[in-house]
Amino acid sequence: MKFIRSNRPVTLLQLSSPLFISFLLVNAGSVAMAQEQPKTVKAGKKTTEAASPVELKTMEVTEKSDRKLETASAEVALSPGGVSLININELHDRNVSSVADFFRYVPGVWATSQSGNDEVFITGRGSNLDANNFAGSGVKFLQDGMPVTAADGNNHNRMIDPLASSFATVARGGNAFKYGASALGGAIDFTSPTAHDSPTARLSLSGGSFGQFLGRGTVSKVFNDSFDGLLTLEGKEWDGYRDHNKQDRFGLYSNFGWQISDSVVNRTFVSYINNDQQLPGQLTRVQFDADPNQASAQAIGGNYQLNTETERVANKTTWTIDDKSSLEVGFSFENQQLYHPIVDKVMVDFDGAGPMAPQEVFSMLVDSNQQDWGSSARYNLRLDNHDLLLGVNYGTNSETGGNYRNDGGRRNGQTNRITKDAETIEIFAQDHWHITDKWTLTPALQGVFAHREVDNVGINPVTNALTGTNSHPNADYAGINPGLGLMYNLSKNASIYSNVSRLYEPPTNYNLADNTITTAGDPALKAMEGTSVEIGTRGKQNFGSLNHVMWDLSLYYAWLNKEILSVSPTPGTSLAKNFDNTIHAGVEGVVGAKLALDQKGTHAIEPMLSFTTNHFKFDNDSVYGNNDLPAAPDYFLKGEVLYRHANGFFVGPTFDVVGKRWGDFANTYKIDAYSLLGMRTGWSNEHYKVFLEGRNLLDSKYVASHNVMDRAAATDSMLNAGAPLSFYGGVEISF
């Protein structure tokens with residue numbers, strides 16, 4: 001935030017613009033307005049004296065980027081539950097190679113890259129804890145309030161580049177009502193920068209270990225009172241610390257604004273992403289212990305890849321009706337192409353001994369095209385002591401293509417022709433009722449109406465004839481989710497809160513497809529339902545003018561019915577089921593401080609700690625009893641302690657402490673806990689940023705992510721190694 005301060009007497013003139021006032025204040029010394037004396041003005045025969053000088057108090061002129069962030073911060077402050085606001089500009093002085101780095105200080109969200117690339121596992125409050133990670137469900141992603149997550153709830157192959165945004169709001173669990181999200185993990189809304197809150201040009205280059213290179217350039221311009229535009233180009237190259245792990249990504253992000261009138265603004269967003277990456281596959285325990293950075297033989301033989309090309313266009317109109325009401329209407333379209341060799345040939349020698357060579361019985365390469373249409377409308381109204389929100393989201397999704405035999409990364413005959421269709425309508429209403437200056441009551445109501453349909457037709461890959469092994473699961477879903485929150489303001493900057501909410505989450509089409517066997521009468525999965533309660537506190541306490549402590553702490557407990565989980569009875573297979581009763585509970589918190597080391601604040605220590613404990617379990621299940629759910633660690637802590645100088649220099653250690661995880665539902669395959677030590681340093685001012693970061697300085701061997709099975713054995717391929725000792729550095733210039 002920039003301030004222009006003046007306490008000198010200024011004679012007020014007839015000025016037509018606040019900007020002109022700012023201009024005069026900035027140049028007060030040169031034009032010597034402070035010394036101007038009252039003048040005598042003749043009017044006919046009468047003589048009048050000009051008005052006496054008026055002394056202006058300290059004036060604050062705030063940039064638009066600050067105002068937009070402050071508005072989002074004020075909305076978070078009214079949320080009676082776990083919501084985090086991430087200023088992405090603060091991520092520009094560290095290494096951010098994937099969206100997993102964005103989540104570092106977001107409590108309640110466990111995100112980890114498979115092997116340093118954009119294949120990232122994400123779970124929010126225990127969502128997505130199964131063998132069907134390729135759907136990436138359980139968290140709803142939005143850009144500028146419009147959906148990126150597909151209408152059926154999947155995030156397959158689509159990760160947002162966090163550095164293409166200016167800030168993001170992470171609303172966990174039922175706190176995502178304002179976005180209409182009906183997902184266990186909540187919603188994440190990334191807000192794009194515009195020419196009004198960006199420098200004219202920004203260039204950043206970074207790179208480091210294992211062939212990583214990231215380049216990004218942004219140009220923006222406000223053309224006149226009506227039009228503005230911004231364009232960002234970015235690229236990433238990555239050789240990887242594991243074999244068969246290369247990545248090559250190119251992205252284009254742009255938006256164009258049109259100020260139609262004083263009260264109506266229209267903005268168009270266009271983005272394009274081309275991301276090709278090799279996948280190194282999972283290792284057995286023996287392979288991991290021998291060489292954690294090797295690729296699996298299957299990944300090399302099957303040339304495992306995840307190649308996507310995505311085009312997205314969105315348009316949003318905001319009408320400020322008056323000082324108490326506004327209306328936002330948005331539309332989006334996304335086209336996504338996928339080429340995904342993922343299972344190598346499984347060979348069987350049927351006769352055991354004889355002249356016939358082993359025959360292929362299974363392999364898989366996915367080649368498909370997915371299209372999503374989305375629309376949304378939100379009406380905000382301030383009425384007496386009420387801040388009302390009414391909204392609706394509508395999305396439709398279709399996917400065509402299918403599965404093929406995989407011959408070293410090449411298509412070798414189609415085995416399934418698959419068509420998937422989905423529609424979802426989310427209608428929601430919320431009210432912040434300011435009962436008194438201290439108490440705010442937040443009732444909310446959401447309706448979810450959805451259709452899911454999968455048509456899977458079996459094909460003989462040799463003759464191209466239909467095999468009759470078809471399936472056609474489909475169903476309609478409808479649910480009503482009420483919520484109620486209560487907040488008490490302890491002070492201007494601190495509050496305590498509580499809430500209770502209902503959850504109703506229909507399955508994704510990937511879940512439906514995993515629930516089928518061979519017949520068209522396969523029953524469809526039921527929607528997941530549940531109830532969650534939460535208490536917490538957030539705030540900031542100043543100690544004098546130089547020191548402060550901030551905190552955000554939430555405790556939640558959720559009872560779920562019919563949770564949808566995909567188990568993997570055998571390697572390479574998955575089967576989605578509804579489970580009667582599960583429990584998702586946890587403690588989420590982040591604490592930070594600024595502690596001055598001298599009376600002027602020239603030297604300061606800034607600690608930051610994000611911590612999460614998870615309690616995800618079956619509840620008297622007929623098969624798994626009270627076992628823990630797999631994939632999410634018992635706890636994880638991520639922090640740093642930085643020394644900062646007033647000139648922009650900083651240096652300090654970083655650390656990660658992660659508890660054990662289970663690799664299977666039977667709780668027989670344990671993933672060990674680990675700890676990592678790092679260090680980062682840098683310097684920045686208004687136009688330049690420079691950073692250097694070291695990770696895993698003790699070169700610890702650990703598991704970053706892993707497969708999930710029903711009951712895993714030591715010989716199963718399960719493990720993805722985390723990054724060894726590595727260093728990264730970067731520079732950014734803006735003007």
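FYI, the numbering just counts along the sequence from 1. Note that this is a predicted model, so its numbers are computed, not measured.
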For [X] and [Y], which I'm curious about, is there any donor-acceptor pair between the side chains at under 3.5 Å?
X    : Y    : result
S554 : Y497 : yes
N95  : Q212 : yes
D431 : H386 : yes
Q430 : D387 : no
S84  : R172 : yes

Apply the test side-chain hydrogen bond (donor to acceptor under 3.5 Å, both in side chains) to residues E328 and N380: give CA-CA distance (whole Å), side-chain angles for both, the deciding distance (0.1 Å), then the verdict.
CA-CA 9 Å; E328 294 181 355; N380 293 274; 5.3 Å; no

Determine the minimum heavy-atom distance between [X] and [Y], stating which atoms define it.
X    : Y    : result
W683 : N647 : NE1-O, 2.9 Å
G601 : A646 : O-CB, 4.4 Å
V120 : A100 : CG1-CB, 4.1 Å
G483 : F177 : N-CE2, 3.9 Å
K638 : Y105 : O-CE2, 3.3 Å
F727 : G694 : CD2-CA, 3.7 Å

Would you indicate whether the side-chain heavy atoms of Y556 and V533 approach each other to under 4.5 Å?
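V533 vs Y556: side chains apart.
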
Looking at [Y], is its backbone amide N or carbonyl O close enough to the side chain of [X] to form a donor-acceptor pair, meaning the two atoms are under 3.5 Å apart?
X    : Y    : result
T612 : G108 : yes
T112 : A704 : yes
N547 : A596 : yes
N224 : S226 : yes
N696 : S726 : no
S220 : P199 : yes
S79  : V83  : no
S198 : T194 : yes

When the aromatic ring centroids of [X] and [Y] are compared, is their separation below 6.0 Å?
X    : Y    : value
F636 : W110 : yes
Y488 : W439 : yes
F213 : Y728 : no

Determine whether more than 12 heavy atoms belonging to other residues, nucleotides or ligands lie under 6.0 Å from atom CH2 of W433.
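Result for CH2/W433: open.
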
Can you tell me how far the [atom1] atom of [X] sits from the [atom2] atom of [Y], to the nearest 0.5 Å?
X    : Y    : atom1 : atom2 : result
Y674 : D656 : OH    : CG    : 6.5 Å
K178 : R378 : NZ    : CZ    : 8.0 Å
Y253 : T218 : OH    : OG1   : 10.5 Å
S326 : R382 : OG    : CZ    : 9.0 Å
L676 : L725 : CG    : CG    : 11.0 Å
L91  : D93  : CG    : CG    : 8.0 Å

For the pair [X] and [Y], find out whether any cationic side-chain nitrogen is under 4.0 Å from an anionic carboxylate oxygen.
X    : Y    : value
R125 : E588 : yes
R267 : D144 : no
R695 : D101 : yes
E693 : R94  : no
D161 : K236 : no

Before giving the answer on side chain to side chain contact (heavy atoms under 4.5 Å, CB included), spell out for L230 and V219 the whole-Å C-alpha distance, their side-chain angles and the decisive distance to 0.1 Å.
CA-CA 6 Å; L230 178 144; V219 292; over 6 Å; no

Tell me whether the rings of Y643 and H603 are parallel (<30°), tilted (30 to 60°) or perpendicular (>60°).
parallel

Step-by-step side chain to side chain contact (heavy atoms under 4.5 Å, CB included) determination, H548 to Q541
CA-CA 5 Å; H548 71 259; Q541 179 64 52; over 6 Å; no

May I have the step-by-step check of side-chain hydrogen bond (donor to acceptor under 3.5 Å, both in side chains) for H432 and T440, ending in yes or no?
CA-CA 6 Å; H432 292 306; T440 299; over 6 Å; no

Determine, stepwise, if the pair E534 / N175 fulfils side chain to side chain contact (heavy atoms under 4.5 Å, CB included).
CA-CA 10 Å; E534 181 178 6; N175 301 293; 3.1 Å; yes

For side chain to side chain contact (heavy atoms under 4.5 Å, CB included), just list the numbers for T436 and N385, CA-CA rounded to whole Å, side-chain angles, deciding distance to a tenth of an Å, and then say yes or no.
CA-CA 9 Å; T436 68; N385 295 328; over 6 Å; no

